[in-house]
Amino acid sequence: MKQFAKTGAVLMMSAVLMLTAACGGGGSKPAAGDAKSGAAAETNTSTAQKDGDKKITMGFAQVGAESGWRTANTKSIQEAAKEAGVELKFSDAQQKQENQIKAIRSYIAQKVDVIAFSPVVESGWETVLKEAKDAGIPVILTDRAVDVKDTSLYVSFIGSDFVEEGRKAGKWLVDKAKDTKEPMNIVELQGTTGSAPAIDRKQGFEEVIKENANLKIVKSQTGDFTRTKGKEVMEAFLKSSKSENKPIHVVYAHNDDMALGAIQAIEEFGLKPGKDILIISVDGIKDAFVAMKDGKINVVVECNPLLGPQLMQAAKDVVAGKSLPKRIVTKEGVFPQETAEKELPNRKY
Ligand code: AHR
């Protein structure tokens, strides 16, 4: 991480910090911090600083508060920052790229030690990332990737393999449909247009369902990762399926919130989610496990939002001049309906 290495003094102070932490210096366990919703305003989270510690300041530009997953992700980052003694400057971009760019510029102006963010969409980041690099501030991506030619614009990307999540969802369906001789009409609720999880989950799912010619995506639209839009889009799908006399057999939702919105729409339409229409979802929030336990979701592919501790460790490492793996992939599972009751008490988000 030559390009981001700061002065020798900073490295030495960071080494002292790490040593202190390793010797049991960490702060007291924080109270659970709620996710910031609504305001795009920036908030600071500070913790008592131990004598001699060089406190790392991190600017974090969050996507928004669009889903249960995001709320858990924000909480994990805020709690982990407190635990690690990292001063966190946090901003909520309300799902708008221009707000994230503004926040990153403000962190550059404030000369933070590290910038981290979960990019709302994949493209359009070159200019601001170059500004951070020119200012000598390392950038860590969490959760979502960026599409840039020059990958030296960020030091590491910590998060899930969304293509693989799409494949896991597809594999479950291919297996479920293996003895079916009839065509199965799938409707897809996509995440935010242009976002990495929407692009990749679609790609992985399509790649796998190609194996079975009976499996066809007949409609696909964005529900922007929210419950409200998931419900709205599903209502429209159901209406047109009725007028076209083309039944819907499967919903593939790119996240749990949209699946939960779709479930409401299906019930209001007089059908049984999980029985009349199979529901496949991604994330694994508690509400989805409750719906699965009630027989309304058939399978959930896990996407882990608890990235805070890994992010704080990465920030400490990069400030200490250590090189980070370019890609840190989160480990995740698949939960079919029959596992829901047993797994529900273990869910942490
Ligand atoms: O980037 C991760 C995705 O963003 C989650 O699957 C979704 O719930 C969130 O809004």
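Just so you know, ligand 1 is whichever comes first in the structure, and atom 1 is the first atom listed for that ligand. Starting from 1, each residue takes its place in the sequence as its number.
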Contacting atoms of ligand 1, where contact means under 4.0 angstrom from a heavy atom of Asp143: 1 (O), 2 (C)
Mutual orientation of the aromatic rings belonging to Tyr252 and Phe205 [parallel < 30°, tilted 30-60°, perpendicular > 60°]: parallel
N or O contact, Ser67 vs ligand 1, cut-off under 3.5 Å: yes
Shortest protein contact, atom 10 (O) of ligand 1 (heavy atom only): Glu66 OE2, 2.4 Å
Chi angles and distances behind the salt bridge (charged side-chain N to carboxylate O under 4.0 Å, His left out) call for Lys82, Glu79: CA-CA 5 Å; Lys82 281 188 183 171; Glu79 288 185 355; over 6 Å; no
Heavy-atom side-chain contact between His254 and Lys202 under 4.5 Å: yes
Geometric N/O contact His254 with ligand 1, under 3.5 angstrom: no
Side chain, backbone, both or neither: Met258 near ligand 1, heavy atoms under 4.0 Å: neither
Ligand-residue contact atoms, ligand 1 with Pro197, heavy atoms, under 4.0 Å: 1 (O)
Non-hydrogen atom of Asp283 closer than 4.0 Å to ligand 1: yes
Within-4.5 Å side-chain heavy-atom neighbours: Glu66 and Asp224: no
Transitive ILVMFWY side-chain link Val299 to Ile217, under 4.5 Å: yes
